[in-house]
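Let me begin by presenting the structure, written as structure tokens, before commenting on it.
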Amino acid sequence: MKTLGYACTSAHAPLAPFSFERRAPRANDIVMEILYCGVCHSDLHWARNDWGWTVFPAIPGHEIVGRVIEIGPDVAKYKIGDYVAVGCMVDSCQHCDQCRKDEEQLCREGNTGTYGGFDRFTKEHTLGGYSKHLVVREEFVLRMPDGLDLAKAAPLLCAGITTYSPLKTWKAGPGSRVGVIGLGGLGHMAVKLAAGMGAHVTVLSRSPDKAEDARALGAAALLVSTDDDAMAKAANGFDLIIDTVPVKHDLNPYMPLLDVDGTLVIVGQIGPVAELSTVPLILGRRRIAGSPIGGIRETQEMLDFCAEKNILPDCEMIRMDEINEAFERMEKSDVRYRFVIDMASLQVG
């Protein structure tokens, strides 16, 4: 089907209108009209080829909310008119041990990204949600719960599940002490979700300026990471720290904050970090871990949890033609806390 998106043709080119064809729907596919698409820091990295493997032309976007407009004959879970969502992946092998455990994000053959992947049948590279339509196999489509604001929910499909998954894996809940490094798109969702799970949440920030924001989001406290005395007093004070910083940084100051068997989970930076001392790891039996998104079952669980607790990201709505300005602002951390594109502003024809 012919559709319209916003694409960049090189790492230095701005995103601009781009007409293209989505693949023909298969028997188990749904076709959705995209209503809203969140803007993720990964979108910026992909457009700028920061990781070195971008395929151009590139259409980012993997926080997608829309409406079903067509279904294949084998589709059983959805009908035309349903409100649905798609996150960071649109396919996986479906038969390896990880897929059978509903951990498709860890597929042994590699999951197919919503953008930047390759279709398992046609081998064409996938194009994301900065577009008017999407064709996706049924198994990777999520049901939007009743009562969840569609206009604000899109960032849950990446920022939400990226922070929900480690919180669940490391059992955040009543009685647990959770720290969150960084208060951007990922960080503010980590705070909201951890607080919603009943954990005692502390934001770790380089300055005290965000104390009011942290408490408004559900944190009980803010710890200034540049205050040596405060950091020393907080030693052994956390069971889990979620590190959402998306650039290279130093983990060493945070390691003494973990209690015995505590874990610092990196969800932001994909790439190198500063040289690490193993002394606090070994002497305190502490851990550093990484975590990607969750699987489809866990992502649906997260959406249902957010609907139950009325947890939504703080969003700024933009038009599609404002995306390049949004990228520039995102680089300067000039957004509180997530951009969402109203795809009605992208007109076909």
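What you see below is based on every heavy atom in this structure, not just the backbone, and it leaves out hydrogens, waters and symmetry mates. We count residues from 1, following the sequence as given. Not measured: the values here are computed from a predicted model.
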Exercise. Yes or no on side chain to side chain contact (heavy atoms under 4.5 Å, CB included) for Arg23 and Phe121, after CA distance, side-chain angles and deciding distance?
Worked result: CA-CA 11 Å; Arg23 63 173 174 80; Phe121 297 94; over 6 Å; no

Seminar exercise, completed: So CG of Asn252 and OG1 of Thr278: to nearest 0.5 Å the spacing works out to 9.5 Å

For this session: For residues Phe140 and Ser92, determine if any side-chain heavy atom of one lies less than 4.5 Å from a side-chain heavy atom of the other.
Result: yes

Exercise. If you measure from the Lys or Arg side-chain nitrogens to the Asp or Glu carboxylate oxygens, is any gap between Asp321 and Arg319 under 4.0 Å?
Worked result: yes

For this session: Verify, without hydrogens or angle tests, whether Lys132 (side chain) and Glu33 (backbone) share a donor-acceptor contact under 3.5 angstrom.
Result: no

Problem set entry | Name of the residue among Asp243, Leu240, Ile288 meeting side-chain contact (heavy atoms from CB on, under 4.5 Å) with Val265 | Leu240

Exercise. Which class fits the ring pair Tyr130 and Phe327: parallel under 30°, tilted 30 to 60°, perpendicular over 60°?
Worked result: tilted

For this session: Could you check if a side-chain atom of Tyr164 sits within less than 4.5 angstrom of a side-chain atom of Leu156, using non-hydrogen atoms only?
Result: no

For this session: Write down the atom of Leu157, the atom of Val86, and the distance for their closest heavy-atom approach.
Result: CG-O, 3.6 Å

Seminar exercise, completed: Smallest heavy-atom separation, Asn236 atom then Arg177 atom, equals O-NH1, 3.4 Å

Problem set entry | Short side-chain to backbone donor-acceptor contact, Lys248 and Gly271, under 3.5 Å | no

Exercise. With a 4.0 Å cut-off, would you call Arg137 and Glu139 a salt bridge?
Worked result: yes

Exercise. Counting only N and O atoms by type, is there a donor-acceptor contact under 3.5 Å from the side chain of Thr163 to the main-chain atoms of Gly160?
Worked result: yes

Exercise. Out of curiosity, Phe20 CZ to Thr3 OG1, how far, rounded to the nearest 0.5 Å?
Worked result: 5.5 Å

Exercise. Is Met189 close to Tyr337 at the side-chain level, that is, under 4.5 Å between some pair of heavy atoms?
Worked result: no

Problem set entry | Asn49 side-chain N/O to Thr54 backbone N/O, donor-acceptor pair under 3.5 Å | yes

Problem set entry | Validation row: Met255, Leu264 side chains within 4.5 angstrom (heavy atoms) | yes

Problem set entry | Heavy-atom donor-acceptor pair, Glu316 side chain to Val335 backbone, under 3.5 Å | no

Exercise. Do you reckon Met302 sits in the same ILVMFWY cluster as Val84, going by side-chain contacts under 4.5 Å, direct or chained?
Worked result: yes

Exercise. With the 4.5 Å side-chain cut-off for hydrophobic clustering, are Val180 and Val273 part of the same group?
Worked result: no

Exercise. In terms of side-chain geometry, is the basic nitrogen of Asp119 or Arg26 positioned less than 4.0 Å from the acidic oxygen of its partner?
Worked result: yes

Problem set entry | Hphob cluster co-occupancy, Val135 + Ile71, side-chain heavy atoms under 4.5 angstrom | no

Exercise. Does the side chain of Met89 reach to within under 4.5 Å of the side chain of Gln105, using non-hydrogen atoms?
Worked result: yes

Problem set entry | Any Ser291 side-chain heavy atom under 4.5 Å of Thr169 side chain | no

Seminar exercise, completed: For Gly218 and Ala195 the tightest heavy-atom approach is O-CB, 3.6 Å

Exercise. Going from CG on Asp149 to SG on Cys315, what distance comes out if it is rounded to the nearest 0.5 angstrom?
Worked result: 8.5 Å

Exercise. Can you pull the side chain to side chain donor-acceptor pair (under 3.5 Å) pairs that have at least one residue in residues 224-234, sequence neighbours excluded?
Worked result: none

Problem set entry | All pairs passing salt bridge (charged side-chain N to carboxylate O under 4.0 Å, His left out) where residues 205-220 contributes a residue, at least two apart | Asp213-Arg336

Exercise. Between the side chain of Asp304 and the main-chain N/O of Glu301, is any donor-acceptor distance below 3.5 Å?
Worked result: no

Exercise. Asp261 and Arg287: side chain to side chain contact (heavy atoms under 4.5 Å, CB included), yes or no, with the steps?
Worked result: CA-CA 7 Å; Asp261 288 326; Arg287 292 181 292 265; 3.9 Å; yes

Exercise. Is a side-chain donor or acceptor of His125 paired with a backbone partner of Pro57 at a separation under 3.5 angstrom?
Worked result: yes

Exercise. Minimum heavy-atom separation for Asp250 to Ala274, with atom names?
Worked result: CA-CB, 3.7 Å

Exercise. Under the 3.5 angstrom rule, does the side chain of Ser176 hit a backbone N or O of Ala199 as a donor-acceptor pair?
Worked result: no

Exercise. Under 3.5 Å, side chain of His133 to main-chain N/O of Met1, donor-acceptor pair present?
Worked result: no

Exercise. Which value, rounded to the nearest 0.5 Å, describes the distance between Trp51 atom CH2 and Ser42 atom OG?
Worked result: 4.0 Å

Problem set entry | Test item: Arg286 side-chain N/O and Leu258 main-chain N/O as donor-acceptor pair under 3.5 Å | yes

Problem set entry | From Ile341 atom CD1 to Glu63 atom CD, the distance as rounded to the nearest 0.5 Å | 9.5 Å

Exercise. Should the pair Asp97-Arg100 be classified as a salt bridge under the 4.0 Å nitrogen-to-oxygen rule?
Worked result: no

Problem set entry | Sub-4.5 Å side-chain heavy-atom contact between Ser131 and Ile34 | yes

Exercise. What's the spacing between Glu298 CD and Ser165 OG if we round to 0.5 Å?
Worked result: 3.5 Å

Problem set entry | Side-chain ion pair, Asp239 and Lys171, N-O less than 4.0 Å | no

For this session: Looking only at non-hydrogen atoms, find the nearest pair between Ala219 and Val203 and report the distance.
Result: CB-CG2, 3.9 Å

For this session: Looking only at non-hydrogen atoms, find the nearest pair between Gly129 and Ile64 and report the distance.
Result: CA-CD1, 3.6 Å

Problem set entry | Beyond-backbone contact of Cys306 with Leu193, side-chain heavy atoms, under 4.5 angstrom | yes

Exercise. Excluding sequence neighbours, so at least two apart, what forms side-chain contact (heavy atoms from CB on, under 4.5 Å) with Glu138?
Worked result: Val75, Ala76, Lys77, Tyr78

